[in-house]
Amino acid sequence: MTEKLDVLGAKIDKVVLSEAMDIIKEYFEGSPCKMIVTPNPEIIMAAVKDPELMDIINNADLVVPDGIGLVYASKIMRQPFKERVTGIDLLEAVLSQLNHSGGSVYLLGSKPGISERAAEKMTGQYPKLQIAGTYHGYFSKEEEEEIIHRINSVSPDFLCVALGSPKQERFIYKYKDMLKAKVVIGVGGSLDVWAGELKRAPVFYRKYGLEWLYRLIQQPSRYKRMAALPVFMMKIIFRGKM
Ligand code: UDP
């Protein structure tokens with residue numbers, strides 16, 4: 001069990017990327033299916049208003065601090081996370097591990113065609129990685145169980161769900177106990193990045209924790225969602241007083 005930090009009710013594991021990977025490697029050795037979430041301030045703010053989402057986060061097996069906002073928050077709370085563990089870095093590390101072990105990944109989500117392209121890029125970079133399957137993320141509620149059956153028929157080691165937050169977390173939580181995958185994670189827009197649809201922030205932005213700014217420049221329509229960030233910081237600064 002790792003130490004956790006309670007950030008506005010969301011209990012986040014105090015892990016760096018290498019520690020998260022040690023835990024995930026153990027998950028690949030066992031069963032049942034383990035759920036990883038990578039909350040950022042936006043998701044935590046959504047969970048503050050939605051107790052069901054907060055429960056989902058707090059019932060996940062591994063909760064990593066995604067985003068510089070969480071690192072700042074932890075510093076203000078005087079229990080600093082050593083580093084942020086972004087979803088995209090964690091995904092890369094897990095794919096590299098699966099390449100090493102010859103494990104398999106199933107990519108569920110994103111627009112039709114994207115998960116196939118992401119899979120091609122992944123096997124280009126990781127030739128021993130097995131692609132167990134791909135399926136787009138624009139399905140109806142009625143199709144959900146059929147999709148779970150498809151995934152279970154190939155029982156992948158790792159299932160990536162790219163439906164955006166919090167849709168993907170709700171979906172994973174609903175079906176987690178039925179899933180024949182060893183590890184499942186919500187990866188947001190990461191398949192778009194792998195497929196080359198969206199660019200990952202250049203090193204400069206990553207170094208200074210400005211991925212959010214790069215993302216806003218690429219997708220200005222996200223400004224409303226990002227407005228949650230200053231509110232999050234205010235809540236942290238005035239915690240217990242607001
Ligand atoms: N998406 C999907 N089905 C949906 C809604 C979204 O597959 O019903 C995909 C969308 O195509 C994109 C990803 O989910 O690839 C969500 O990306 P977004 O950047 O909104 O997620 P975030 O990173 O903010 O969680």
Side-chain angles (χ1 to χ4, degrees), residues 10 12 35-50 52-54 56-57 60 62-70 84-92 94-95 105-122 133-148 150-151 159-175 184-201 205-206 209-229 231-232:
I12 318 273
M35 173 177 182
I36 307 171
V37 288
T38 66
N40 58 21
E42 255 174 67
I43 302 170
I44 293 178
M45 283 306 293
V48 165
K49 294 183 201 134
D50 178 349
E52 204 180 298
L53 180 59
M54 192 63 94
I56 294 177
I57 296 173
L62 181 63
V63 185
V64 302
D66 185 351
I68 196 70
L70 277 173
R84 63 187 188 280
V85 181
T86 66
I88 199 144
D89 285 336
L90 189 62
L91 174 58
E92 176 106 39
V94 175
L95 294 176
V105 63
Y106 194 109
L107 306 178
L108 171 66
S110 59
K111 296 200 187 92
I114 298 285
S115 54
E116 290 84 343
R117 259 168 44 216
E120 268 170 39
K121 295 269 173 64
M122 286 174 184
T134 59
Y135 200 83
H136 66 80
Y138 292 84
F139 47 81
S140 64
K141 279 236 166 322
E142 292 66 44
E143 290 170 281
E144 288 181 358
E145 288 204 8
E146 165 60 22
I147 289 168
I148 298 297
R150 272 173 188 252
I151 296 168
L159 171 62
C160 294
V161 182
L163 302 176
S165 267
K167 192 172 183 181
Q168 60 199 18
E169 283 75 22
R170 291 188 206 287
F171 178 85
I172 293 171
Y173 194 64
K174 182 170 174 192
Y175 291 107
V184 57
I185 188 172
V187 295
S190 297
L191 298 186
D192 296 309
V193 174
W194 268 96
E197 280 289 294
L198 262 184
K199 281 209 195 76
R200 194 178 174 188
Y205 289 85
R206 284 190 239 163
L210 294 171
E211 281 107 330
W212 60 272
L213 176 61
Y214 185 77
R215 194 120 198 235
L216 189 59
I217 296 167
Q218 276 206 313
Q219 296 174 290
S221 59
R222 294 178 71 90
Y223 81 93
K224 271 200 192 130
R225 295 178 52 171
M226 286 191 178
L229 188 63
V231 181
F232 170 80

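As the structure lists them, so they are numbered: ligands from 1, and atoms in each ligand from 1. Note that the structure is a prediction, hence the values are computed from the model and not measured.
- Looking at atom 13 (C) of ligand 1, its nearest protein heavy atom turns out to be G188 O, 3.5 Å.
- Annotation: atom 20 (O) of ligand 1 to nearest protein heavy atom, R225 NH1, 3.5 Å.
- Atom 15 (O) of ligand 1 has as its closest protein heavy atom D192 OD2, 2.5 Å.
- Using a 4.0 Å cut-off between heavy atoms, R215 contacts ligand 1 through its side chain alone, with no backbone atom that close.
- The residues D50 and R170 are annotated as salt-bridged, a charged nitrogen and a carboxylate oxygen being separated by less than 4.0 angstrom.
- Among protein heavy atoms, the minimum distance from atom 25 (O) of ligand 1 is reached at S165 N, 3.1 Å.
- Within ligand 1, counting atoms from 1 as listed, the ones closer than 4.0 Å to a heavy atom of G189 are 17 (O), 21 (O), 23 (O).
- Closest to atom 9 (C) of ligand 1, if we only count protein heavy atoms, is A162 O, 3.4 Å.
- The shortest contact between atom 10 (C) of ligand 1 and any protein heavy atom is with Y138 OH, 3.3 Å.
- Between I185 and V94 the shortest side-chain heavy-atom distance does not fall below 4.5 Å.
- Looking at E42 next to ligand 1, no N or O pair under 3.5 Å apart turns up.
- Looking at heavy atoms from C-beta onward, R206 lies out of side-chain contact with Y214 at the 4.5 angstrom threshold.
- Between E211 and R84 there is a salt bridge, since at least one side-chain N of the basic residue sits less than 4.0 Å from a carboxylate O of the acidic one.
- Here K167 has side-chain heavy atoms under 4.0 Å from ligand 1, and that is the only part of it that gets that close.
- Looking at L191 and M122, their side chains come closer than 4.5 Å, going by heavy atoms from C-beta outward.
- Near G109, meaning under 4.0 Å from one of its heavy atoms, ligand 1 places the atoms 7 (O).
- Between F139 and Y135, the two ring planes are tilted [angle within 30° to 60°].
- At a threshold of 4.0 Å, the pair E144-K174 counts as salt-bridged, since one of the basic side-chain nitrogens sits closer than that to a carboxylate oxygen.
- Remark: minimum distance from atom 3 (N) of ligand 1 to any protein heavy atom is reached at G137 O, 2.7 Å.
- Near K111, meaning under 4.0 Å from one of its heavy atoms, ligand 1 places the atoms 11 (O).
- L163 O, 3.5 Å is the protein heavy atom nearest to atom 5 (C) of ligand 1.
- You'll find the side chain of I151 stays beyond 4.5 Å of the side chain of Y175, heavy atoms only.
- For the pair Y173/V184, no side-chain contact is recorded, criterion being any heavy-atom separation below 4.5 Å from C-beta on.
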